[in-house]
Amino acid sequence: MKVKFGAIDFALPGKRVGNIKLAHELGLEGLQIIYLTPEDESFMLDYRWCREYYMEMGERYHIRFPSTNVSDFDRVGMVHPRNTEKGKYVYDTIDRTLDMAAAMKMDMVLYPSFMDGEIQTEEDLIVTAEALRYACKEAQKHKITVTSENTLPKDRIRKLAELVNCPNFKVSYDTQNYWRVAKLDQVDILDFLQKSDLLYPEVHVKDGMDACISSKLIGEGNANVLGSLQYLKNTGYEGWLHFENYYWKRPLCDESDDVFQLLKRDVSILKNCWRT
């Protein structure tokens, strides 16, 4: 498997289904779907008609949907025990997202631990691991991998993996988040994930200054994104590199009068970086 370039659909300015055609025009090969439920309605891909339309558009524009990123867990996180109201919502979301992933023939479902789901205490770690273990058991029925995206230090990542204890569990790596949230050395974490056989081959690529998420083009921030990319190249990485800079949001969109041109610049930066 060679390196494939994709994007998180929420990051692109084509606004959901329009991003399929946009990704094709940019020379990308796939989109990771953000599962984010509006406050007063269901998520569109809970519906079969929408799933089939996405798959139809994907075939037309030669765009794959290898995975989904369940950002609903930023609002109601996996730190809530199953016997609570919020915990029931977490497990229901796991069931719904795995159903969607199976129907759309995805390889992976990503469950993040940020904001309301941030793992701070030992109890948070245990409860989150229980939810991830449940997800892994259900995902095995469809040959789907479950990943955690978090900003834990190495010893806590290892403990989380031990608690989940499932062969289809991995960790999703992001080139800014470990530095942005926890001031951890990005390449050190990446090296740990790689050598521990926990790294899932879909990497989020974004950059920024300190705690400001997605505020710089690739290589122009201080998260050592280029160091992460060089490490991946040196170790023979094969998998997806997904753009996750939010080109249509401030402060990044202020760098150009045309966010589409800004996006094209970033695509060029990453592809040139990888090939040189």
Side-chain angles (χ1 to χ4, degrees), residues 1-34 54 57-69 71 106-108 110 149 172-177 179-180 186-187 190 200-209 212-276:
M1 179 183 180
K2 64 182 181 65
V3 169
K4 296 184 178 182
F5 296 97
I8 294 180
D9 70 336
F10 187 71
L12 301 184
K15 299 301 180 183
R16 289 300 188 182
V17 72
N19 285 325
I20 299 174
K21 181 180 179 182
L22 177 58
H24 171 73
E25 292 178 352
L26 292 165
L28 305 181
E29 298 167 85
L31 289 171
Q32 183 178 87
I33 302 295
I34 289 287
Y54 255 67
M57 291 299 101
E59 280 192 33
R60 177 181 297 182
Y61 292 106
H62 310 290
I63 296 297
R64 287 188 56 203
F65 308 109
S67 58
T68 185
N69 183 334
S71 288
M106 294 179 178
D107 301 314
M108 182 268 279
L110 183 160
E149 185 180 12
S172 287
Y173 179 76
D174 180 288
T175 62
Q176 189 195 8
N177 283 343
W179 170 254
R180 178 180 66 86
Q186 289 280 159
V187 178
L190 179 56
Y200 187 78
E202 287 192 44
V203 170
H204 294 171
V205 183
K206 65 173 178 280
D207 208 342
M209 295 299 294
C212 191
I213 189 171
S214 175
S215 53
K216 292 290 183 181
L217 294 180
I218 294 167
E220 296 181 4
N222 64 356
N224 193 20
V225 175
L226 299 184
S228 290
L229 294 173
Q230 189 62 53
Y231 178 92
L232 291 170
K233 286 172 63 177
N234 290 346
T235 54
Y237 176 77
E238 294 184 341
W240 290 92
L241 296 175
H242 288 310
F243 292 90
E244 201 194 0
N245 270 336
Y246 301 129
Y247 304 95
W248 52 274
K249 294 177 69 175
R250 290 190 171 88
L252 192 56
C253 68
D254 290 332
E255 295 197 14
S256 174
D257 293 332
D258 186 338
V259 294
F260 293 91
Q261 291 302 317
L262 193 67
L263 171 55
K264 289 177 181 177
R265 279 172 53 196
D266 226 18
V267 170
S268 178
I269 289 170
L270 179 55
K271 288 189 173 183
N272 288 337
C273 173
W274 190 260
R275 290 166 181 162
T276 55

Next item on the list: Determine whether more than 12 heavy atoms belonging to other residues, nucleotides or ligands lie under 6.0 Å from atom CG of N272.
Entry: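 For N272, atom CG is crowded (more than 12 foreign heavy atoms under 6.0 Å).
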Next item on the list: Evaluate whether atom NZ of K233 has more than 12 neighbouring non-hydrogen atoms of other residues, nucleotides or ligands under 6.0 angstrom away.
Entry: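 Yes, NZ of K233 has more than 12 neighbouring heavy atoms, counting only those of other groups under 6.0 Å.
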Are [X] and [Y] close enough that some pair of their side-chain heavy atoms sits under 4.5 Å apart?
X    : Y    : result
F260 : E25  : no
Y54  : I20  : yes
P66  : K4   : no
I8   : L31  : no
L263 : N245 : no
I213 : R180 : yes
Q32  : M108 : yes

What is the minimum heavy-atom distance between [X] and [Y], and which atoms define it?
X    : Y    : answer
W240 : G30  : CZ3-N, 3.4 Å
L262 : L252 : CD2-O, 3.2 Å
L22  : G14  : CD2-N, 3.8 Å
G219 : V225 : N-CB, 4.5 Å
V3   : E29  : O-OE2, 4.2 Å
C253 : V259 : CB-CG1, 3.8 Å

Checklist line | Identified side chain to side chain donor-acceptor pair (under 3.5 Å) counterpart of D174 within the set K206, H242, Q186 | finding: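 Testing D174 for a side chain to side chain donor-acceptor pair (under 3.5 Å) against K206, H242, Q186 leaves exactly one candidate, K206.
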Check: Is it true that D9 and K15 have a side-chain N and a carboxylate O under 4.0 angstrom from each other?
Finding: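 No, no charged N to carboxylate O under 4.0 Å.
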Hey, could you give me the [atom1]/[atom2] distance between [X] and [Y], rounded to the nearest 0.5 Å?
X    : Y    : atom1 : atom2 : answer
I33  : N69  : CD1   : CG    : 10.5 Å
R275 : L270 : CZ    : CG    : 9.0 Å
L26  : S268 : CG    : OG    : 11.5 Å
L190 : T175 : CG    : OG1   : 10.0 Å
L226 : C273 : CG    : SG    : 5.0 Å
D266 : K216 : CG    : NZ    : 12.5 Å

Margin query: Ring-plane angle category for H24 and H62, please: parallel below 30°, perpendicular beyond 60°, tilted otherwise.
Written below: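 It falls in the tilted class, 30° to 60°.
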Next item on the list: If the plane angle is over 60° it's perpendicular, under 30° parallel, otherwise tilted; pick one for W274 and Y237.
Entry: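 Judged by the thresholds at 30° and 60°, the geometry between W274 and Y237 is perpendicular.
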Margin query: Main chain of G239, side chain of K2: is a donor-acceptor contact present, judged purely on distance under 3.5 Å?
Written below: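 Judged by distance alone, no pair lies under 3.5 Å.
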Next item on the list: For the pair S215 (side chain) and P251 (backbone), establish whether a donor and an acceptor sit closer than 3.5 Å, ignoring hydrogens and angles.
Entry: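 Not at all, since once roles are kept as given, no pair shorter than 3.5 Å links the two residues.
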Pair [X], [Y]: side-chain N/O donor-acceptor within cut-off below 3.5 Å:
X    : Y    : answer
Y173 : S228 : yes
Y61  : E59  : no
Q176 : H204 : no
S67  : E202 : yes

Notebook entry, point to check: So, do F10 and W248 have ring centers that fall under 6.0 Å from each other?
Noted result: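 When the ring centroids of F10 and W248 are compared, they turn out to be within the sub-6.0 Å range.
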Note to self: Walk me through whether D107 and R64 qualify under salt bridge (Lys or Arg N to Asp or Glu O under 4.0 Å).
What the structure shows: CA-CA 11 Å; D107 301 314; R64 287 188 56 203; 3.1 Å; yes
